[in-house]
Amino acid sequence: MSVLIVIPARYASSRYPGKPLVPLTGATGQAQTLIERSWRAAMAVSGVDRVVVATDDDRIKAASEAFGAEVVMTSEACQNGTERCAEAHAALGGGYDVVVNLQGDAPLTPAWFIEDLVAGLNAAPEAEIATPVLRCDGATLRGFLEDRKAGRVGGTTAVFGASGQALYFSKEVIPFTNETYADDADTPVFHHVGVYAYRPDALAAYSGWSVGPLESLEGLEQLRFLENGRQVLCVEVEARGRQFWELNNPADVPKIEAMMAEMGVA
């Protein structure tokens, strides 16, 4: 099974313009841009045939090529990372069995998240898209709730059925629970990790669908699959002591740098 990882990156982020080129300082004091750290995370995944950065911006292209990445230039018309992945896959001539979208704002994504994701999709022939979910502990859930109270999006949550079939994704914290959890206690809330594995037919179909009301309201690209009746598989992954966080806002930079320092990530 051939696997392509695409890292979609755009400069004109509404919440954080220029985000892919923001430097993040690791445990040794070495600074690398967000896009470089995301590329290095992708390169650490086993069983992958090719890794490319997909962008419409010459600044990101130049920075990516400078650290050795292969770059595919895509259209400014791409509305989200999934559309950019579809365009990149087509530009490369297609032919891959699985296309992985490793969004360029998740530099702490462990290799086994993606390896387990691809294995999960391969084991579920009825699923057309797969995405990882991570059970929140009490400390993470409290952080999500504090972010929402302050008007920030700290992370996306997912709810799914017994077979792993996604029911909904939201920037709100769902499902609701009024219980209080210890920092290290398991909670019923799952953090959606912003990685996707697509079968090529589903990926190619995506750009032809209109943006639905749920995707428009939430600003979550994966909801377009659900709104068009496609099966999205949620694959539960294990943190194995690894901290995980996406870079959504400028306030996330010191949070991620503190995590890298604590975990010894150079």
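Hydrophobic clustering (ILVMFWY, side-chain heavy atoms < 4.5 Å, transitive): Phe169 and Phe144 are in distinct clusters. Ile5 and Leu203 end up in different hydrophobic clusters when Ile, Leu, Val, Met, Phe, Trp and Tyr side chains are linked at under 4.5 Å. No chain of hydrophobic side-chain contacts below 4.5 Å, direct or via other Ile, Leu, Val, Met, Phe, Trp or Tyr residues, connects Val159 to Val237. Tyr16 and Leu220 are not part of a single hydrophobic cluster, where members link through side-chain heavy atoms under 4.5 Å apart. Criterion: ILVMFWY side-chain heavy atoms under 4.5 Å apart, direct or through other members. Under it, Ile7 and Tyr196 are not part of a common hydrophobic cluster.
With rounding to the nearest 0.5 Å, the separation of CD1 in Ile60 from CD in Glu65 is 12.0 Å. Of the inter-residue distances, the one linking Ser64 atom OG with Glu36 atom CD reads 9.0 Å to the nearest 0.5 angstrom. Note: Cys234 SG to His192 NE2 = 7.0 Å, rounded to the nearest 0.5 Å. With values rounded to the nearest 0.5 angstrom, Ser163 atom OG is found 8.0 Å from Leu233 atom CG. Separating the CD1 atom in Ile35 from the CG atom in Leu21 is a distance of 8.0 Å, to the nearest 0.5 Å. To the nearest 0.5 Å, atoms OG1 (Thr140) and CD (Gln243) are separated by 8.5 Å.
Heavy atoms only, all atoms of each residue included: Met1 and Asp97 are closest at CA-OD2, 3.2 Å. Listed here is the closest heavy atom pair of Gly95 and Ser2: O-OG, 3.7 Å. Shortest non-hydrogen contact noted between Leu167 and Leu226 is O-CD1, 3.9 Å. The two residues Leu121 and Ala127 make their nearest non-hydrogen contact at CD1-O, 3.7 Å. Heavy atoms only, all atoms of each residue included: Val52 and Leu4 are closest at CG2-CD1, 4.3 Å. Closest non-hydrogen pair, Val235 versus Ala130, comes out as CG2-CB, 4.3 Å.
Applying the side chain to side chain donor-acceptor pair (under 3.5 Å) test between Arg142 and each of Asp183, Thr180, Thr187, Asp137 identifies Asp183 as the sole match. For the side chain to side chain contact (heavy atoms under 4.5 Å, CB included) with Thr25, the lone residue among Gln30, Gln32, Glu257 that qualifies is Glu257.
Between His89 and Tyr198, the distance from one ring center to the other does not fall under 6.0 angstrom. Phe190 and Phe160 have their aromatic ring centers within a separation under 6.0 angstrom.
There is a side-chain donor-acceptor pair under 3.5 Å between Glu246 and His191. A donor atom on one side chain and an acceptor atom on the other are found under 3.5 Å apart for Ser46 and Glu115. Judged purely by distance below 3.5 Å, without hydrogens or angles, the side chains of Glu218 and Ser170 pair a donor atom with an acceptor atom.
Figure legend: Arg50 and Tyr96 shown without cation-pi pairing, the cationic atom not lying both under 6.0 angstrom from the six-membered ring centre and within 45 degrees of its axis.
Looking only at distances, a side-chain donor or acceptor of Asn80 sits under 3.5 Å from a matching main-chain atom of Glu83. Between the side chain of Glu227 and the main chain of Leu214, a donor-acceptor pair closer than 3.5 Å is present. Using modelled atom types, one side-chain atom of Thr157 and one backbone atom of Ile174 make a donor-acceptor pair closer than 3.5 Å. Between the side chain of Arg10 and the main chain of Ala12, a donor-acceptor pair closer than 3.5 Å is present. Proximity of a side-chain donor or acceptor of Tyr206 to a complementary backbone N or O of Glu221 within less than 3.5 Å is detected. Listed for the Asn249 side chain is no donor-acceptor partner under 3.5 Å among the backbone atoms of Ala251. A donor-acceptor pair is defined here as one N or O able to donate and one able to accept, closer than 3.5 Å; no such pair exists between the side chain of Glu215 and the backbone of Val211. In this structure, Asp49 contributes its side chain and Val3 its backbone to a donor-acceptor pair below 3.5 Å. In this structure a side-chain-to-backbone donor-acceptor pair under 3.5 Å is present from Lys19 to Leu247. With hydrogens and angles ignored, the 3.5 Å screen pairs a side-chain donor or acceptor of Thr109 with a backbone N or O of Ala106.
Residue Glu76 places its CD atom among 12 or fewer non-hydrogen atoms of other residues, nucleotides or ligands, all under 6.0 Å distant.
Salt bridge annotation for Arg84-Asp56: present, with a cationic side-chain nitrogen under 4.0 angstrom from a carboxylate oxygen. In this structure, Arg59 pairs ionically with Asp57, as a charged nitrogen and a carboxylate oxygen lie closer than 4.0 Å. Salt-bridge check for Arg230 with Glu128: passed, with a basic side-chain N closer than 4.0 Å to an acidic carboxylate O.
Two residues are said to be in side-chain contact when any heavy atoms from C-beta on lie closer than 4.5 Å; Glu87 and Cys78 meet this criterion. In this structure the side chain of Leu223 reaches within 4.5 angstrom of the side chain of Tyr168, judged on heavy atoms. Using a 4.5 Å heavy-atom cutoff, the side chains of Leu102 and Ile114 are in contact. Pro107 places a side-chain heavy atom less than 4.5 Å from the side chain of Leu34. Taking the side chain as every heavy atom from C-beta outward, Val72 and Val53 never approach each other to under 4.5 Å. Within the 4.5 Å cutoff, the side chain of Ile129 has no heavy atoms near those of the Arg199 side chain. Side-chain contact check for Val100 versus Val6: every heavy-atom pair is 4.5 Å or farther apart. At least one side-chain heavy atom of Val71 sits less than 4.5 Å from a side-chain heavy atom of Thr55.
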Verify side chain to side chain contact (heavy atoms under 4.5 Å, CB included) between Val189 and Val173, making sure each step is shown before the conclusion.
CA-CA 8 Å; Val189 177; Val173 182; 4.2 Å; yes

Mind running side chain to side chain contact (heavy atoms under 4.5 Å, CB included) on Glu70 and Leu92 for me, showing each step along the way?
CA-CA 11 Å; Glu70 179 182 1; Leu92 293 170; 4.2 Å; yes

Evaluation steps, side chain to side chain contact (heavy atoms under 4.5 Å, CB included), between Val195 and Asn101
CA-CA 6 Å; Val195 183; Asn101 173 354; over 6 Å; no

Begin with the C-alpha distance, continue with both residues' side-chain angles, and end with the deciding distance and a verdict on side chain to side chain contact (heavy atoms under 4.5 Å, CB included) for Val153 and Asp147.
CA-CA 6 Å; Val153 176; Asp147 277 334; over 6 Å; no

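The aromatic rings of Phe225 and Trp209 sit perpendicular, their planes meeting at an angle over 60°, well past the 30° parallel limit.
Grouping Ile, Leu, Val, Met, Phe, Trp and Tyr residues whose side-chain heavy atoms lie under 4.5 Å apart, directly or via other members, leaves Leu217 alone, with no other cluster members.
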